Amino acid sequence: MSDTETTRYDFATAEPHWQAAWEAAALFNAADTPTSGKPKYYVLEMFPYPSGKIHMGHVRNYTLGDVVARYKRASGFDVLHPMGWDAFGLPAENAARQRKTDPASWTYANIATMRGELKRMGLSLDWSREFATCDPEYYGQQQKIFLDFWANGLVERRMSAVNWDPVDHTVLANEQVIDGRGWLSGAPVEKKNLSQWFLKITDYAEDLLEGLKDLPRWPERVKLMQENWIGHSQGADVTFALTAPVGGIDSVTVYTTRPDTLFGMSFLAIAPEHPIAKAVAQSSTQAAAFLAECAAQGTSEAAIEQAEKKGFDTGLTVQNPLNGQTYPVWIANFVLMDYGTGAIFGCPCGDERDFEFAAKYSLPIPIVVAPSLEAIPEQLTKALDGEGIIVNSGFLTGLPTAQAKPAAIAELERLGAGKAVQNWRLRDWGISRQRYWGCPIPVIHCAACGPQPVPADQLPVILPKDVTFDRPGNPLDHHPSWKHVPCPKCSAPATRETDTFDTFIDSSWYFARFTAPHAASPTNLEAVNHWLPVDQYVGGIEHAILHLLYARFFTRAMQKTGHVSLKEPFAGLFTQGMVTHESYKDSNGNWLYPEEVVKTPEGAKHVETGEPVTVGRIEKMSKSKRNTVDPGVIIDRFGADTARWFVLSDNPPERDVEWTESGILGANRFVHRLYRLALTIAAEPRAAQPESFTGEAKKLRQLTHRTIAAVSEALDTFTFNLAVARIYELSGALAGASPTDPGLLWARFEAIETIAHLIAPMMPHLAEEIFAAIRPNSGMVAINPWPKADPAYLTVDEVTVAVQVNGKLRGTVLLPAGAKADVALPIAKQAVAGALLGQLIVKEICVPDRIVNFVVKPA
RNA sequence: GCGGGUGUGGCGGAAUGGUAGACGCACCGGACUUAAAAUCCGUUGGGACAUAGUCCUGUGGGGGUUCGAGUCCCCCCACCCGCACCA
C-alpha cells in the first residue's frame, strides 16, 4: 500500500468470511427446550411474502429485529430468532396465469432467491427452523387446528356476500375491484351470496378488548386502533312497527347509540341487503335497480362510506314508538348490513351522515339537541353530534344527552318497543376463499350427512399439483378427480370443500410453530410454553389491526383447544415505518427507475437519452412506480453493514425512511473511516492501565462510558438512530493524530474496543473485523458480552446552566452540579447584569442544573 | 367517509415543560495532490446592525395555559397508514 492510497475495508471478503464463521459455530441456533438456564428471549420479525426479491422494507424490518436479537444475545439471553415464509396468496396465482408456471414452483423459486439475499445481510437467524406456510408439513397441522376449533364450537357456516365478476365467473378480492369493476374483465361487479366458513372471533370481542390492557410494551396507537376496531358501544335496539306489512315482515328493528335523539327522527333507512329491501324489490323494478346499483359499489367499507349518499324511498312508513308519528322508510347505500341490525333511524340533528342525506332528499331536520335551553338554533347547517341539552323532545326535553339516553331506554322498555344492548363493531372472521393457492379446508360435503371433518388419518389434505389456470375461477373446483371422495360417515359419493383458507390464518400461528417446527402435532407444548410469548415482535404499521388481532384471537382459540397455554402471543410490539424514495417520470409520463435518472445542475435527466425527467413525490417504494432500490445491488456495491447502518441511522424506526444515494454513501464512508481508525489504534503502543486518569484521558473515558450507557438505552427503547449518533460522537473524539500520553493511549484502546461491541448489533461483520484487528485470538464479538458502563465515569461535576430574563436567553453560567438557588442566583445575576440594568426583579426561578429565569419589569 | 398517526434548517432528524437544531447528509472554506478522487481540518437556521459582538426572528397555520411551550389545551391545514377477500 502506498502512502497516498487510502485503506479501504474489504467487505466483499470479510462479510462472507464472518457469516461462515458464525454458521460453523452454530451461534444462532436455539434449542426447542433449552437447558442453558439463561433467560429466554424470542425475537420475531413479520415473515415475508416470497414475492420475488427482497425489498428495502425487508432490509429495514430484518435489520431492526437483528439488532435486538444480537443485543439480547450479548446481554446474556438465550435468543430464539427464526425465519420463514408466508407463502400462500393471490400473487402466485396471478403469476401462474400470466407466466404459465405453477404457483408452487414460482413460490419455491422465489424463496430460494430471497433466502440467499437474507443470508447475505448477515442476520443472526436460526435457519434450522425455516418453513413455508405452503409446506404440507405446516398447513397439514393447520388443518388439525381448524378441526379442533370446529369440534370446540369456534367455527360456523353461514351465508356471506362476495364480489362476483359476472363475466369471468370468478370471486374477486377487494384489491381486484377497481372503481366497482373487475380488474381483468372490466365488468361491473355484483354481490353474490355463498355459504362460507367463519371463525367466531366475536366470542372473544370482550376478551380481546380487555387483553389490550395487559400489553404495556405495545404502541399506544396500535392498541387504540384495535380498541376502535373491536368497537364496543352501549346503545339500544328500537323496534318500529311498519304501517303496512311487506313480505310478511311487520316491523323494523334498528340499533342506535343515540336513543336520546329519537324525537329528532326524520326517516328510517335500511341497508340494501336488508330483508325488507329485498321484499320491496320483488314488486318494484325501480327498487331492484337501486339494489343492483348498490351491489356494484363493492363490498369494502371504504368504498361504501366514500360513495355519494344515495337513497330510494320505498313508500313504506313506520311509527316511532316514542312520539307516535310516522316516518318514511328509505333504502340507503351508506347503511351497513354487517353493523348493528342493518337498519338505522335517521336523525339529521345528531348525525352528520343523516344530515347530509336529509339535506339531499329534502327531508325534515328537526332540532332536538342544543348547547343549552336558551340557545336553540333556528336552523342547522351541520349536525350537532356532540354533547348537549335535549330540546323539543317531550319528556326528554331539558336533559343533558348523557342523562337522556337511559331515560329514553327506560321508556322504550316500558312500551315494549326497545331495550338496552351493547354492540360490537367486530364481525366474525370469514375464512373461505374461492382460490387454489391456499390451505385446503379439510371438510367433505355429503348430501345426506352435511359437512364432515376429514378424518385424522386422512390428513393432511394436500393441494393437487396437476391443476390448470387456463380459465378463470378456482382450479380446485375444475379439477377432474380431486374433489370426489366418499363421505367419511356414510361412504356415499361426496365432494371435498374446494375453498381454501384466508392466508391470514397461516400467519396467525406461525410464531408458535417456530418453537418446534418439526413436531408431529401443531405445537410441542414444552417448547411452545418455554418460548412464547414472543418478547419482541417487529413489523409494519399496516398490520396494526388485522394480522395482529387475528393472531391474538387465534392464540386464545389455541389455548381453548390445548395447543398453547397463554392468550397473548406478542408481549412486545414494534411497528416500523415504510421505506420511501423519490419517483420519476419521463416526458411521456412513464415511470423510471432511479438508475435511469441522473441529477444535473439543470435538473434531473434521463441517463441515456438526456431528456428532462420530472421528479415526483417521495412515495412508498413500489414496483408499479419503479421507485425501488434493489438491496442486492446495494450489498454488492457497499456491503451489508453499510446497508444495515444506513437504514438504522437515518431516522427513528417507527417513521418512514427515505432512501437516498447520499445517505448510503455517507454510511459507507463511516464504515471505512471506522475501520481505518481501528487499524490506527491497533498499531499504537499498547499502554498499561494507569492508576488514575486525568485531563484528556479522563474526558475520553467519561465519553466512552456515557456512550455505553446511551447506546444501551437507545437499543432498549428502539431509538436506534440515537445509538448511531452517539457512536458517531465517540468515534469523532478518536480522530486526529495518535497521542503519546500513556493514559490517553489506554483510553483510546478502551474506546475502540467499546465501539467494536456497540456496533456489533448493527454492523456485525465490521465489528468482528475490528475486534480481530485490535484483539487477535480473543474469539468473536458475537460471543463476547455487552460492555458495562462504569458509574464512576457517568457523573459530571460542572453544568452549564442557561440564564433567562423574562423567558429569553441572556447568558449561560458554569455551576457546580446540583447548585441550588443560594449559589446559582448571585452568579446568574452577575452574568446577565446588562439585561437587568434598570429593571425590577419581580420573581426569581431556579431549577438546579437546568435554568435560572428572572422575571422583571421596568423599575 | 370513519379510525389511527405525522408535520422542527437545503435534507434526515435531536430536545424529562427549561440554552431549539445533538448526530448525520449536503453545501462552502482550508490542508494534502501536477490534477482529480479519496482522506483530514473547519464554518453553516433566517435576518439586522455599530460584525472579536449585540439584537430580532424561528419548530405546518391560528388562538390559549405558563415565569418559560417544538413539548400541554382548543380550532384549522397538509400528508401518510388502515377499513375486514392485497400481504
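Chain letters run A, B, ... following the sequence lines, proteins first and then strands; every chain starts at 1. What you see is a predicted model; the values in this text were computed from it and never measured.
Base orientation of B:G9: syn (glycosidic angle within 90° of 0).
Set against B:U19, B:C85, B:C81, the side chain of A:Arg435 has B:C85 as its closest nucleotide. Of the candidates B:C23, B:U19, B:A84, B:C23 carries the atom nearest the A:Tyr728 side chain, counting heavy atoms from C-beta on. The side chain of A:Ala725 approaches B:C23 more closely than any other nucleotide in the set B:A87, B:C23, B:U39. For A:Ala302, the listed nucleotide lying nearest its side chain is B:C83; candidates were B:C23, B:C83, B:G13. For A:Asn651, taking side-chain heavy atoms from C-beta onward, the closest of the listed nucleotides B:C85, B:G12, B:C23 is B:G12. Out of B:U39, B:G1, B:C85, the shortest distance to the side chain of A:Gln196 is found at B:C85. Nearest to the side chain of A:Phe504, among B:A87, B:C86, B:G13, sits B:A87. Residue A:Met225 places its side chain closer to B:G3 than to any other of B:G3, B:A22, B:A14. You'll find that the side chain of A:Arg810 is closest to B:C56, out of B:A22, B:C56, B:A87. Here the side chain of A:Ala735 is nearest to one of B:C83, B:C41, B:G18, namely B:C41.
Spacing between B:C56 and B:U6 at atom P, rounded to whole Å, works out to 33 Å. With P as the reference atom, B:A15 and B:C2 are 33 Å apart, rounded to whole Å. Remark: the separation of the C1' atoms in B:U65 and B:G13 is 29 Å, to the nearest Å. Comparing B:C77 with B:A87, their P atoms sit 36 Å apart, to the nearest whole Å. With both ends at atom C1', the span from B:C32 to B:U19 equals 38 Å, rounded to whole Å.
Taking 4.0 angstrom as the limit, A:Asn174 places a side-chain polar atom (N or O) nearer than this to OP1 or OP2 of B:A84. Note on A:Thr812: every side-chain N or O is 4.0 Å or more away from OP1 and OP2 of B:U19. Proximity of A:Arg655 to the phosphate of B:U6: no side-chain N or O atom is located under 4.0 Å from OP1 or OP2. A:Asn228 has a side-chain polar atom (N or O) that falls below the 4.0 Å cut-off from OP1 or OP2 of B:G4.
You'll find the side chain of A:Leu194 stays beyond 4.5 Å of the side chain of A:Met159, heavy atoms only. Contact of the A:Pro858 side chain with the A:Gln839 side chain is registered, since non-hydrogen atoms from C-beta on lie closer than 4.5 Å. Considering only heavy atoms from C-beta on, A:Glu654 comes within 4.5 Å of A:Phe574 through its side chain. A:Asn61 places a side-chain heavy atom less than 4.5 Å from the side chain of A:Val538.
Applying the ring pair (Phe, Tyr, Trp, His ring centres under 6.0 Å) criterion to A:Trp645, with sequence neighbours excluded, gives A:Phe670, A:Tyr728. A:Phe357 pairs by the ring pair (Phe, Tyr, Trp, His ring centres under 6.0 Å) definition with A:Phe267, A:Trp330, A:Phe334, A:Tyr361, not counting sequence neighbours. By the salt bridge (charged side-chain N to carboxylate O under 4.0 Å, His left out) test, A:Arg655 pairs with no residue at all, sequence neighbours left out. Here A:Phe198 pairs with nothing under the ring pair (Phe, Tyr, Trp, His ring centres under 6.0 Å) rule; sequence neighbours left out. Evaluation of the salt bridge (charged side-chain N to carboxylate O under 4.0 Å, His left out) rule for A:Arg552 yields A:Glu568 as partners, not counting sequence neighbours. Remark: A:Tyr550 pairs with A:Trp429, A:Phe504 by the ring pair (Phe, Tyr, Trp, His ring centres under 6.0 Å) rule, at least two apart or across chains.
For the contact set between residues 425-432 of chain A and RNA chain B, defined by any heavy atom under 4.0 Å, the members are A:Arg425, A:Leu426, A:Arg427, A:Gly430, A:Ser432. Sorted by residue number, the members of residues 88-96 of chain A with any non-hydrogen atom under 4.0 Å from RNA chain B read A:Gly89, A:Leu90.
Between the side chains of A:Gln434 and A:Asn474, not a single donor N or O lies within less than 3.5 Å of an accepting N or O.
Between the side chain of A:Glu542 and the base of B:C83, no donor-acceptor pair of N or O atoms lies under 3.5 Å. Applying the 3.5 Å distance criterion, the base of B:C85 shares a donor-acceptor pair with the side chain of A:Gln434. Interface remark: the A:Arg221 side chain does not form any donor-acceptor pair with the B:U6 base, using a distance-only criterion of under 3.5 Å.
Under the 30°/60° scheme for interplanar angles, the aromatic rings of A:His547 and A:Tyr537 are found to be tilted.
For residues 350-359 of chain A, no residue pair satisfies the side chain to side chain donor-acceptor pair (under 3.5 Å) rule, not counting sequence neighbours.
A stem is defined here as three or more consecutive Watson-Crick or G-U pairs, each with both distances under 3.5 Å; for RNA chain B these stems are B:1-7 with B:77-83, B:10-12 with B:23-25, B:28-31 with B:39-42, B:45-49 with B:53-57, B:60-64 with B:72-76.
At whole-Å resolution of the value, CG in A:Leu677 and C1' in B:C40 are 13 Å apart.
Under the 4.0 Å criterion applied to side-chain N and carboxylate O atoms, A:Arg433 and A:Asp502 are assigned as salt-bridge partners.
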Close N or O pairs between protein and nucleotides 26-28 of chain B (under 3.5 Å):
residue, atom, partner, partner atom, Å
B:A26, OP1, A:Arg669, NH2, 3.1
B:A26, OP2, A:Arg669, NH2, 2.9

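We find the CG-CE distance between A:Leu212 and A:Met225 to be 11.5 Å, quoted to the nearest 0.5 Å.
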Going 5' to 3' through nucleotides 64-77 of chain B, assign each nucleotide B (protein heavy atom under 4.0 Å from a base atom), S (under 4.0 Å only from sugar-phosphate atoms) or - (no protein heavy atom that close).
---B----------
